[in-house]
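For this chain, numbers begin at 1 and follow the sequence in order.
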Amino acid sequence: MSRRAVKIGLSTAPYRSPSLPSRVPKKYARYLNERWFREHLEWLFQKDALTQDAFLIGPPGGLRRHLAFSYCELTNRSYEIVSLSKETTDADLKQRREIVDSTAVYVDQPPVKAALDGSVLILDGIEKAERNVLPILNNLLENREMGLSDGRFLVAPERYDALAASMTPEELRESGLERVHPEFQIIALGLPVPTFPGFPLDPPLRSRFQARLVDNPSGAEQLATLHRGRSPAVSKLVAFSETIAALRSHDGPLTGQGVHHLPFETVEKAAQFAETFPNVPLRRALATSGWPYQHFGLDTGQADVLETALAQFFPTEQNSSSKRLLYEQCPSSPADIVRTPEFEAALADLDRGYKMGWDLCIVGGAGSGKSTLAQLFGSKWRTRPSVVVNCYRDMSSRDLLLRRSTDYNGNTVWEPSPLLTAAIDGRLVVLDGIHRLEKDTLGMLHSLLCHREIDLADGRRLVRHDRIGGVIDDVQAIHPSFRVLALANPPIRTGGALGQQDDWLSSEVLTMFGFVDLPKPSSQSIAAILGEQTLVSSPSLGALLAVSERLDAIQQERQEDADITRAVATLSLRQIKRIWKSLCSERRGWTDDDR
């Protein structure tokens, strides 16, 4: 590579001099020495030479975005990004109106800024946009033209230069014509539909792109990339990944949306986890690293096929050393917390995930102790209180990141959310109830959690702390201590009218977190919890636990019908404690009438 050009394979791309160097991505060359990654970059270099727009299509994960950022870094190109969702409107693609000093002004959005500055425009999640949104960009893609709300009109550089030869500068200025930079380029990122959920591209829009499939590397390439191909754990993980890909093929027994895609990033995380904690069984390492198969909600046939594949590569291990806890120095628990085996195992998994530097998600039933576990975990690792964000069904991405408001003078302003403030200050954020969020809303955090980089509605960009020092222009560093701990109920993937509403665990979400399972405590554990707080006779306690077990059994028998599953609610640990407290306060036992 020289300062004038960059060459990969037979393709060469010029090394640019951007107007905003702070908006050039940095430190995305992790896979630059891998042949499969260089082939993708070489193809992008070819599109650069031909001045063509590119469409990187592939399974969920951060690999496609990482590839686009790496291309921009190598060619020293600044970029603008639009994370598309069903909330995206034409104002997000053209201009947004703001009130400044009681006057309406139009602020250019990323597509307009990229077109004028010659940056790369990245359209992330193109399969999520509504059908009436993307056609707005069709003319910009085809002819490099677009009409703006403030009266200006973007014109292709060739046509603008031809007009400039026959018009005076004053006439050009009065006409409102703006010259699109000749180096302006668009890279779209999307999923293959209908293999994955989303809207397929319309044929007129699809013809504007040159597409390339960015899939998992082959098994041999994965082993070479991990540089630990001699490790039995890595070999097993890669072989299992290849097996799952074959079983999920069109004619395989695991085809459909039941068993999620196993991306290369998850295999890499699981390999690093297994290397750091060699005593942890590989099944648990894979589930913790981002593939919690126990929550896929499969039918009997698919569950048997998956269990057979798991048993082939990861036989059930009874390793006592894997149960050794990592938090002997943990401060004493509050007096009302009884640390059951299930609680201890989940806390140990949280410790391991934190040491790996991951954002984590605790999956457990309502009232199972997720909030208590998060509180205890935060008190150990953090000296400052955690920031709790309570999620709700109608919560939008703006509520998660920036909220639009007005100041005392009536001017429109953007107020940072608690999540955004915690990212800058370096605090632990507890996202309580992410199962209530829409998939598009949760997906807007993908770049922040996977790459520690996100563009905001007010024009700012937050990047990982080692990619920039301090605040440069409108680019700000994310504190290295920032972490996200999400709490969620188990997904309901069965049929029925209510089933799909609670199917929050998508292939995209799997790549955002490490997962910690918090199952409902056993009867023995519940008895220990209640026994710490009461002295009531044990027959009453046994009767209460019997009712709880019976409700669990009914729900398990009807798990294929989501409507019945929701109607027959089980007793959570919180409800059992309340019932028991009520019984104790009345100083009576559990009688036949109570039963």
Side-chain angles (χ1 to χ4, degrees), residues 23 53 78-117 119-155 176-178 180-181 184 186-190 198-199 201-202 205 208 394-407 410-417 420 438-448 454-462 474:
R23 301 187 77 84
D53 298 323
S78 59
Y79 79 90
E80 300 289 341
I81 188 170
V82 178
S83 295
L84 298 168
S85 69
K86 66 179 182 181
E87 301 173 11
T88 304
T89 64
D90 58 344
D92 299 313
L93 301 178
K94 289 186 175 182
Q95 292 178 314
R96 184 181 292 116
R97 187 167 59 179
E98 305 285 355
I99 305 298
V100 179
D101 296 333
S102 302
T103 304
V105 298
Y106 289 94
V107 179
D108 293 343
Q109 295 307 292
V112 178
K113 291 191 289 186
L116 296 177
D117 296 338
S119 304
V120 175
L121 174 63
I122 301 177
L123 300 177
D124 192 4
I126 200 169
E127 78 286 345
K128 300 177 184 178
E130 299 287 348
R131 290 184 177 272
N132 61 334
V133 173
L134 285 181
I136 297 172
L137 296 177
N138 189 43
N139 200 28
L140 184 64
L141 284 163
E142 183 179 9
N143 302 315
R144 292 300 192 256
E145 295 179 350
M146 175 186 281
L148 303 180
S149 302
D150 61 357
R152 292 181 297 160
F153 191 84
L154 303 184
V155 182
L177 299 180
E178 294 281 354
V180 173
H181 200 285
F184 171 59
I186 298 177
I187 299 179
L189 312 178
F199 299 105
L201 280 180
D202 293 331
L205 197 65
R208 310 294 182 236
D394 297 329
M395 197 174 197
S396 67
S397 58
R398 297 277 173 80
D399 297 323
L400 275 177
L401 296 171
L402 284 176
R403 288 188 288 263
R404 203 174 189 188
S405 183
T406 56
D407 61 13
N411 300 322
T412 54
V413 294
W414 291 97
E415 295 180 349
S417 68
L420 199 61
E438 296 288 343
K439 293 181 181 179
D440 282 4
T441 302
L442 188 57
M444 295 295 285
L445 300 180
H446 194 277
S447 181
L448 174 64
I454 189 170
D455 281 47
L456 304 174
D458 61 357
R460 287 185 297 158
R461 174 177 297 169
L462 301 185
D474 53 359

Minimal non-hydrogen separation, Pro111 against Val82, with atom names: CD-CG2, 3.9 Å

Side chain to side chain contact (heavy atoms under 4.5 Å, CB included) assessment of Gln109 paired with Glu80: CA-CA 9 Å; Gln109 295 307 292; Glu80 300 289 341; over 6 Å; no

Gap separating the CG atom of Leu401 from the CD1 atom of Ile454, nearest 0.5 angstrom: 4.5 Å

Minimum-distance pair of heavy atoms, taken over all atoms of Gly459 and Arg23: O-NH1, 3.7 Å

Residue pair Leu134 / Asp202, side-chain heavy-atom distance below 4.5 Å: no

Flag side-chain contact, heavy atom, 4.5 Å: Arg208 against Asp53: no

Residues that Val100 engages under side-chain contact (heavy atoms from CB on, under 4.5 Å), provided they are two or more places apart: Val105

Cationic N near anionic O, under 4.0 Å, Arg96 to Asp92: yes

CA sep, side-chain torsions, deciding dist, call: Asp399, Asp394, side chain to side chain contact (heavy atoms under 4.5 Å, CB included): CA-CA 10 Å; Asp399 297 323; Asp394 297 329; over 6 Å; no

Ser78 side chain near Val120 side chain, heavy-atom distance below 4.5 Å: no

From Trp414 atom CH2 to Leu456 atom CG, the distance as rounded to the nearest 0.5 Å: 10.0 Å

Arg97, CZ: over 12 other non-hydrogen atoms inside 6.0 angstrom: no

Test side-chain contact (heavy atoms from CB on, under 4.5 Å) applied to Gln95 - qualifying residues, sequence neighbours left out: Tyr106, Asp108, Leu148, Ser149, Asp150, Arg152

Donor-acceptor pair, side chain of Ser83 and main chain of Asp124, under 3.5 angstrom: no

Check: Lys94 and Met146 side chains under 4.5 Å, non-hydrogen atoms: yes

Rounded distance [0.5 Å steps], CD in Glu415 versus CG in Leu420: 12.0 Å

Nearest-0.5 Å distance, OG1 of residue Thr88 to CG of residue Leu93: 6.5 Å

Residue pairs, two or more places apart or on separate chains, that pass ring pair (Phe, Tyr, Trp, His ring centres under 6.0 Å) and touch residues 134-154: none

Minimum heavy-atom distance Glu127-Gly190, with the two atoms named: OE1-CA, 3.2 Å

From CG (Leu84) to CZ (Phe199), nearest 0.5 Å: 12.0 Å

Step-by-step side chain to side chain contact (heavy atoms under 4.5 Å, CB included) determination, Arg404 to Glu98: CA-CA 10 Å; Arg404 203 174 189 188; Glu98 305 285 355; 2.9 Å; yes

Glu87/Lys128 salt bridge by N-O under 4.0 Å criterion: no

Minimum-distance pair of heavy atoms, taken over all atoms of Met395 and Leu400: CE-CD2, 3.8 Å

Audit row: Asn411, Asp101, side chain to side chain contact (heavy atoms under 4.5 Å, CB included) steps and yes/no: CA-CA 6 Å; Asn411 300 322; Asp101 296 333; 4.2 Å; yes

Spacing of Thr412 atom OG1 and Asp458 atom CG [to the nearest 0.5 Å]: 11.0 Å

Chi angles and distances behind the salt bridge (Lys or Arg N to Asp or Glu O under 4.0 Å) call for Arg460, Asp474: CA-CA 5 Å; Arg460 287 185 297 158; Asp474 53 359; over 6 Å; no

Smallest separation among heavy atoms of Leu121 and Ala114, with atom names: CB-CB, 4.0 Å

